[in-house]
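Reviewing the structure listed below.
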Amino acid sequence: METRTVATNPFLDQRAGTSGLRKKVSVFQQPHYLENYIQSLFLCIPDLAGKTLVLGGDGRYFNRQAIQTIIRMAAANGLGHLIVGRQGLFSTPAVSNLIRQRSAVGGIILTASHNPAGPHQDFGVKYNGRNGGPATEQFTDSVWANSREIKEYQIAISSDIDLEHESHTALGDMSIEVIDPVHDYASLMERLFDFDALSRLLSGTFRMRFDALHAITGPYATDIFEKRLGAPEGTVLNGTPLQDFGGGHPDPNLVYAKPLADLMFSAQSPDFGAASDGDGDRNMILGQGIFVTPSDSLAVLAANAGCIPAYAAGLKGIARSMPTSQAADAVAESLGIPHFETPTGWKFFGNLLDAGKITFCGEESFGTGSDHVREKDGLWAVLAWLSILEHTRLPVRDIMLQHWQRHGRHYYSRHDYEEIPAETGQEIMDTLRAQLPVLQGQQFAGRQVHIADDFTYTDPVDGTTSQHQGIRLLFTDGARLVFRISGTGTSGATLRVYHEQHEKDPERLQRDPQRVLRDLVMLGRGLARIEALTGRKAPTVIT
Ligand code: G1P
Ligand code: ZN
């Protein structure tokens, strides 16, 4: 194999955020840009020579070109074995699973998650380490440091590798295994869930729709629901992954998965509806005329884990990200198991999962998962819900009502102000931070601030601390108001304001969350001076 050492320019803007390096496709298409980043990354993997790496992406525009470049660089950098998904495809949870099953040193996932795809949209590179989870902050910081010093990269000179068929090939000393991207993941699901029971449910009168939004979960969902579980053809909607995701925004929420939401709130509604995002780690759950918030979903899954064979022995603990509602805490307390509150981002769950402190974890941003992989997992959540529906034979609405009757309802809503200038985002957070000392103890419309702080997390496993993870106002009645700036946006800043209020009165469990939370919303807008500083009268997205 012939390789080349190419001289390159450092100091490109290559700082990865919480979900890897995400930029416009045109940025990745600049000469040497992708190569610089991949070389900077390879330099951070200790003892790379001869090791196994997993490689694939969500199929978005530039996936095919990027994957060929990375294959050439992997060979030139001395990797021993590469596991690549057929056609360069893998969902994020599938990569996490393969890293673990095949004892790989790590995996590269080509995705910008739920961000739109296409020549003028986003692309991304994400690295997961040997536990199958997102790279640590320390790792991404060293990749960034390398990218500012890098002067050259190594690349093999070769024609494109054929990724259309399953095969065993080689490039120089590196063997390449092109595999079915679905098989190992679907087998893992078969081990966790009772597929016989689920197929009895799905091949009967029960009807579900799963919207893959033209992204990566299409082939996974078709194989699992329609082939293995016998659901009627047509159960999976938009199941063919397209390079531009059909021009849509593959984010499973009420705004971007509107056709599915409309169906579930119509007279023709099937029993159950679900959707996943671009790379398959997020999920949205719907019943007939009801939307289950992700915070509630985590709580309900935890309360009913006994319906799933893999978790029938009980959960070790539950973790949620700080902005996620406290609904899961209530379940943990009733089960007598520990619960943890981590900063936003899946990587914080990794240590807790590895240390065996938790079994389930979730985020309000449509992320739910367990110790079966080290990523959130959209299809896992759908199968978990199906298991509960099969076991109880109750509609989603009744499951929710019973849950709220037992634990109270944590009314919840997130308001996003997207694409505000970065400096304005900073100013809002500074404005809030400056008020923290005086907010403590204050009364607002009959409720008192019990704690006002900037969330700091100390990892219970390794003792590391993460500061400035969001401004929190905790009230004595259990209500909360949280503010943070998104770490995943690609232009300007996105301010996220999270509102939560607990209701125990059985007569008041079915109210409109926006009405219930109105006082908190107004208080948040006022304290952060949102209109004065941004000129915005309303958020761009409400979930
Ligand atoms: C968002 C979500 C966060 C999630 C991340 C990656 O990050 O809020 O929960 O882990 O995407 O999917 P944010 O943009 O808020 O930083
Ligand atoms: Zn995603």
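As the structure lists them, so they are numbered: ligands from 1, and atoms in each ligand from 1.
R484 and Y498 share a donor-acceptor pair across their side chains, judged by distance under 3.5 Å alone. For the residue pair H339 / E333, a side-chain donor-acceptor distance below 3.5 Å is found, with atom types taken as modelled. One side chain, Q514 or H415, offers a donor N or O that lies under 3.5 Å from an acceptor on the other. In summary, the side chains of Y412 and R480 do not present any donor paired with an acceptor at a separation below 3.5 Å, with no hydrogens or angles considered. In this model, a donor atom of one side chain and an acceptor atom of the other lie less than 3.5 Å apart for N283 and T368. Side-chain contact annotation: N63 with Q243, donor-acceptor N/O pair under 3.5 Å absent. W346 and S321 are not linked by any side-chain donor-acceptor pair at a separation below 3.5 angstrom, with hydrogens and angles left out of the test.
Considering backbone and side-chain N/O of S365, one or more are found under 3.5 Å from N/O of ligand 1. Annotation: Y498 places no N or O atom under 3.5 Å from an N or O atom of ligand 1; distance criterion only. In terms of N/O distances under 3.5 Å, ligand 1 is approached by R484. For ligand 1, the polar-atom distance check finds no N/O of I485 at less than 3.5 Å from any of the ligand's N/O atoms. Considering both main-chain and side-chain atoms, S113 never comes within under 3.5 Å of ligand 1 through any nitrogen or oxygen pair.
With ligand atoms numbered from 1 in the order given, ligand 1 contributes 10 (O) to contacts under 4.0 Å with heavy atoms of G345. Contact atoms of ligand 1 toward R496: 8 (O), 13 (P), 14 (O), 15 (O) (distance under 4.0 Å to a heavy atom of the residue).
Protein heavy atom at the shortest distance from atom 4 (C) of ligand 1 is E363 OE1, 3.4 Å. Considering only non-hydrogen protein atoms, atom 7 (O) of ligand 1 sits nearest to T488 CG2, 3.5 Å. Protein heavy atom nearest atom 6 (C) of ligand 1, with residue, atom name and distance: S19 OG, 3.3 Å. Nearest to atom 12 (O) of ligand 1 among the protein's heavy atoms is K376 NZ, 2.8 Å. Protein heavy atom at the shortest distance from atom 1 (C) of ligand 1 is R282 NH2, 3.7 Å. Taking atom 16 (O) of ligand 1 as the reference point, the nearest protein heavy-atom neighbour is G487 N, 2.6 Å.
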Would you list the atom pairs, donor with acceptor, under 3.5 Å between side chains in residues 82-94 and any protein atom, with sequence neighbours excluded?
from, atom 1, to, atom 2, distance (Å)
R86, NH1, E166, OE2, 2.8
Q87, NE2, E164, OE1, 3.0
S91, OG, A94, N, 3.1
T92, OG1, D279, OD2, 2.6

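Not a single donor-acceptor pair under 3.5 Å links the side chain of E190 to the backbone N or O of A186. Side-chain N or O atoms of T235 include none that pairs as donor or acceptor with a backbone N or O of E226 at under 3.5 Å. For the pair Q326 (side chain) and G478 (backbone), a donor-acceptor distance under 3.5 Å is present. Judged by distance alone, with hydrogens and angles left aside, the side-chain atoms of T494 form no donor-acceptor pair with the main-chain N or O of E418 at under 3.5 Å.
Any protein N/O/S atom under 2.8 Å from the Zn ion (ligand 2) was counted, giving 4 altogether.
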